[in-house]
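In what follows, a structure is listed as structure tokens, so that the remarks can point back to it.
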Amino acid sequence: MDAVDAGPSRAGGGDAGPPAGAAAPSRYESQKRRDWNTFLQYLRNHKPPLVLARCSGAHVIEFLRYLDQFGKTKVHLPGCAFYGHPSPPAPCACPLRQAWGSLDALIGRLRAAYEESGGPPETNPFAARAVRIFLRDVRDSQAKARGIPYEKKKRRRAPIAPGQVHGGGESSSSAALSGDSSGSGAGEGSAVPLWGSSIS
């Protein structure tokens, strides 16, 4: 399978920038558009090519596995001496993978982009049960391999003063976009795709 491009080139007249005077899209919206264009390019490069209308949860999982080759998070194999160690003292030959948090955030953006592009929610391949199970398995296996438990963070609500409008705080998806520097592997919590410029 051919490598996925990072998106349409500007020289080719890809995505036009916002019209003069319009507000620039947020970081989340820009990343969502890049991810969506990347997925569509992946479908075109697929052997045989796939059309979005025929895309299933199995194709989404195949895409996520494809992205692993661009991952930057060390995931120790069961036979590794550092399996389950959050801070290994020495390098090892275990593979680099996409961090679970990156994949989870990616699927959230693609799920939204699919419906914003006119796709019906009931046939959204990014919301398929198989994709949810796959992400859960990745989370659990990475937690064991890296010795870092993934726990759902409880949002603490600040007391609201009388007459004060509650802002709602930062969403989990935007928190994932901001990145998490903890743990081993530079890819943890970073936005996907993470491929380098050396990919043709």
Side-chain angles (χ1 to χ4, degrees), residues 1-9 12-18 22-71 73 75 97-143 150 152-153 155 168-178 187-195 199:
M1 186 182 305
D2 297 335
V4 177
D5 293 332
S9 64
D15 287 342
S26 67
R27 183 180 175 189
Y28 171 81
E29 290 297 328
S30 297
Q31 185 65 48
K32 182 171 62 176
R33 185 176 63 224
R34 286 193 299 271
D35 292 338
W36 184 242
N37 289 336
T38 295
F39 183 73
L40 295 179
Q41 183 68 44
Y42 171 81
L43 295 183
R44 288 191 292 269
N45 288 345
H46 194 276
K47 306 293 184 191
L50 290 168
V51 293
L52 184 60
R54 293 186 175 273
C55 183
S56 67
H59 295 120
V60 173
I61 292 171
E62 185 181 277
F63 173 64
L64 296 179
R65 286 182 172 140
Y66 167 77
L67 290 179
D68 262 341
Q69 67 185 298
F70 309 110
T73 297
V75 178
R97 297 279 186 253
Q98 291 287 355
W100 165 77
S102 297
L103 295 179
D104 188 54
L106 170 68
I107 288 298
R109 292 190 296 269
L110 290 175
R111 186 170 59 232
Y114 176 86
E115 295 179 14
E116 289 169 8
S117 299
E122 58 273 12
T123 61
N124 191 331
F126 304 101
R129 183 171 180 268
V131 175
R132 293 197 304 271
I133 292 172
F134 175 81
L135 287 174
R136 185 184 64 203
D137 290 346
V138 169
R139 179 196 65 195
D140 294 346
S141 65
Q142 289 193 6
Y150 292 107
K152 205 166 190 176
K153 293 181 181 177
R155 290 175 58 183
E170 186 180 23
S171 68
S172 60
S173 60
S174 61
L177 281 169
S178 66
E188 178 68 36
S190 59
V192 174
L194 298 171
W195 44 83
I199 305 300

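Below, each value reflects all heavy atoms present in this structure, side chains not excepted, and no hydrogens, waters or symmetry copies.
Within the 3.5 Å criterion, the main-chain N or O of A127 finds a donor-acceptor partner in the side chain of R132. S30 places no side-chain N or O within 3.5 Å of a backbone atom of R27 that could act as its donor or acceptor partner.
Of the residues C55, P120, P121, the one that meets the side chain to side chain contact (heavy atoms under 4.5 Å, CB included) test with Y114 is P120.
Using a 30° and 60° split on the angle between ring planes, Y42 and Y66 fall in the tilted class, from 30° to 60°.
Taking CZ of R97 as the reference point, atom CD of Q69 lies at 10.0 Å (rounded to 0.5 Å). Between the CG atom in L64 and the CG atom in L103 there is a gap of 5.5 Å [rounded to 0.5 Å]. Atom CG of L52 sits about 4.5 Å away from atom CH2 of W36, to the nearest 0.5 Å. Taken from NE2 in H59 to NE2 in H46, the straight-line distance is 5.5 Å, to the nearest 0.5 Å. In this structure, NZ in K32 is found 12.5 Å from CG in L106, a value given to the nearest 0.5 Å. In this structure, CD on E29 lies 6.0 Å from CD on E116, to the nearest 0.5 angstrom.
When side chains are defined from C-beta on, D140 does not count as touching W100, because their heavy atoms never get closer than 4.5 Å. In this structure, T73 and Q98 have side chains that are not in contact, with every pair of non-hydrogen atoms separated by 4.5 Å or more.
Scanning all heavy atoms of the two residues, the minimum distance from I61 to A130 falls at CD1-O, 3.5 Å.
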Practice problem: Quick one: do F126 and F39 satisfy ring pair (Phe, Tyr, Trp, His ring centres under 6.0 Å)? Show the steps, please. | Solution: CA-CA 11 Å; F126 304 101; F39 183 73; 5.0 Å; yes
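In R65, the CZ atom is not crowded: 12 or fewer heavy atoms of neighbouring residues, nucleotides or ligands sit closer than 6.0 Å.
Side-chain atoms of N37 and Q41 form no donor-acceptor pair, as typed in the model, at a separation below 3.5 Å.
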